[in-house]
Amino acid sequence: MKPLLIDETNSTPQVIFDIKNSHFEIKGCSRPENVRHFFLPIVEWLEGFCTEAPLHVEHFKENPVVFKFKLSYFNSASAKFILDILLLINKIYMSDINTAIDWFYEEGDEDMLDVGTELSEMVDFNFRYIETKM
Amino acid sequence: MSIINPTELLFFQGIITFGVVSELLNKLEDIVLPLSIEKLRYKRLFSSAVEILENIQMHSIVNSDYPKPTFKLSLVNKEFRIESCNIMRNEDRENLEEKIHYLNKNLPNLSEMFSLNLMNRKLSEKGGAGLGLYIIRRNSAHEISFKTEGIDNDYAYFCISVLI
């Protein structure tokens, strides 16, 4: 699969989904002008990955798929799509792919930690929580 | 605690577009960050401002016969107050009033309500998740203040005020 690479802007996060380099990351602030326009390519890429990944289970045994969420802020419309993304990641995990979710939050930003735990419960997937100093 | 006059930090009146939202958020950042407030409080202020501005951007009625939307940030007794007003349809008033009353009275259940709504609600055609008011309520230690006032048969003036 071709990597999905989206540059960061003031209102949209950087997205790197790159199987070859085992790099899966969403980083920055998310309040897109058109939330569907921004997130649909990400959802579609993951749907493609859900289909293809089970064909390469051996590859992912040695190269775990670790999705890193490094969001400084996301609005309520983005939350809807982040939930969709997490559900797809859970689907990847359910197809025996070695998968993890690292949820980053800034020191002192308890709300980002709390929303991470809420999303984790919603999708029934244990996140690893990583505090960062910024 | 003594009551002091609010200090106006930011005021805007006009049509709220995506560009205006970005500009106002940049101004908010420039004004508030030098005040060295706690990170969590700043993030809650920013988050509430985004949701309020995006609600106006998506739902406000733009009609040259009526006042344009307003957005104001002030400092009141060491708390930030965001106030905004816009024109809405009369037919939407009842739902909105009920929703805010419900959120104000059910703070302990907000997390559960947020999760249920996030799981079950569909995005509107305009791209709204219908969750902005939940987030605004969660961000504040106070109830959401609001008033709606009918202008004519079709439209009403809606004002909201939150303290962070």
Side-chain angles (χ1 to χ4, degrees), chain A residues 8-13 28-43 69-88 90 104-125 127 131-134, chain B residues 16-26 28-29 33 36-55 57-59 109-140 164:
Chain A
E8 184 174 5
T9 71
N10 282 341
S11 57
T12 55
C29 169
S30 185
R31 51 169 200 87
E33 181 169 13
N34 184 327
V35 71
R36 284 191 180 88
H37 187 260
F38 180 76
F39 277 104
L40 277 180
I42 302 170
V43 169
F69 287 82
K70 299 180 177 178
L71 291 159
S72 56
Y73 167 75
F74 56 92
N75 65 0
S76 55
S78 299
K80 197 78 192 142
F81 279 97
I82 289 167
L83 178 65
D84 290 344
I85 288 168
L86 293 169
L87 288 166
L88 284 166
N90 196 18
F104 291 75
Y105 64 98
E106 291 173 44
E107 182 184 32
D109 186 0
E110 294 148 31
D111 288 350
M112 187 56 81
L113 172 62
D114 288 346
V115 78
T117 57
E118 285 168 5
L119 287 165
S120 167
E121 283 171 20
M122 273 187 252
V123 298
D124 196 20
F125 194 106
F127 297 0
E131 186 181 85
T132 60
K133 291 184 192 297
M134 286 189 190
Chain B
I16 307 271
T17 60
F18 181 78
V20 169
V21 173
S22 298
E23 201 177 310
L24 288 171
L25 292 172
N26 285 340
L28 181 147
E29 188 177 293
L33 283 182
S36 299
I37 62 169
E38 317 86 80
K39 182 171 285 173
L40 187 60
R41 194 156 159 237
Y42 172 71
K43 292 221 165 189
R44 286 177 174 173
L45 178 66
F46 183 88
S47 160
S48 299
V50 171
E51 297 298 339
I52 285 173
L53 286 165
E54 288 185 346
N55 271 340
Q57 184 200 337
M58 277 186 252
H59 302 298
N109 304 323
L110 275 188
S111 177
E112 193 182 340
M113 286 158 56
F114 178 80
S115 299
L116 277 172
N117 276 278
L118 189 59
M119 290 289 274
N120 298 319
R121 282 187 84 115
K122 287 192 163 40
L123 277 184
S124 72
E125 277 185 28
K126 291 175 181 171
L131 295 164
L133 286 168
Y134 288 83
I135 290 173
I136 292 163
R137 180 66 188 96
R138 277 169 65 149
N139 283 339
S140 177
I164 308 287

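All values reported here derive from a predicted model rather than from experimental measurement. Chain letters run A, B, ... following the sequence lines, proteins first, then strands; residues in each count from 1.
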So what's closer than 4.5 Å to chain B heavy atoms on [X]: side chain, backbone, both or neither?
X	answer
A/Leu119	side chain
A/Asp109	both
A/Ser78	neither

Is it the case that the side chain of [X] and the backbone of [Y] share a donor-acceptor pair, with hydrogens and angles ignored and the cut-off at 3.5 Å?
X	Y	value
B/Glu51	A/Ser76	yes
A/Ser120	A/Phe125	yes
A/Lys70	A/Gly28	no

Which atoms of [X] come close to chain A, meaning under 4.5 Å heavy atom to heavy atom: side chain ones, backbone ones, both, or neither?
X	result
B/Leu116	neither
B/Phe114	side chain
B/Asn139	side chain
B/Asn55	neither
B/Leu40	both

May I ask you to check whether B/Ser22 and A/Arg31 show a side-chain donor-acceptor distance below 3.5 Å?
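B/Ser22 vs A/Arg31: donor-acceptor pair found between side chains.
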
Using every non-hydrogen atom in the two residues, find where A/Met122 and B/Ser115 come nearest and quote the distance to one decimal.
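A/Met122 and B/Ser115 have their closest heavy atoms at CE-OG, 3.5 Å.
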
Heavy-atom pair count under 4.5 Å with chain A, highest-scoring of B/Met119, B/Glu38, B/Glu112
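Sorted descending by pairs with chain A, the first entry is B/Met119.
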
Which residue is it: B/Arg44, B/Arg41, B/Lys43? I am looking for the one with a salt bridge (charged side-chain N to carboxylate O under 4.0 Å, His left out) to A/Asp111.
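For A/Asp111, the salt bridge (charged side-chain N to carboxylate O under 4.0 Å, His left out) test succeeds with only one of B/Arg44, B/Arg41, B/Lys43, which is B/Arg44.
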
A/Phe74 vs A/Ile82, test: side chain to side chain contact (heavy atoms under 4.5 Å, CB included). Steps then yes/no.
CA-CA 9 Å; A/Phe74 56 92; A/Ile82 289 167; 3.6 Å; yes

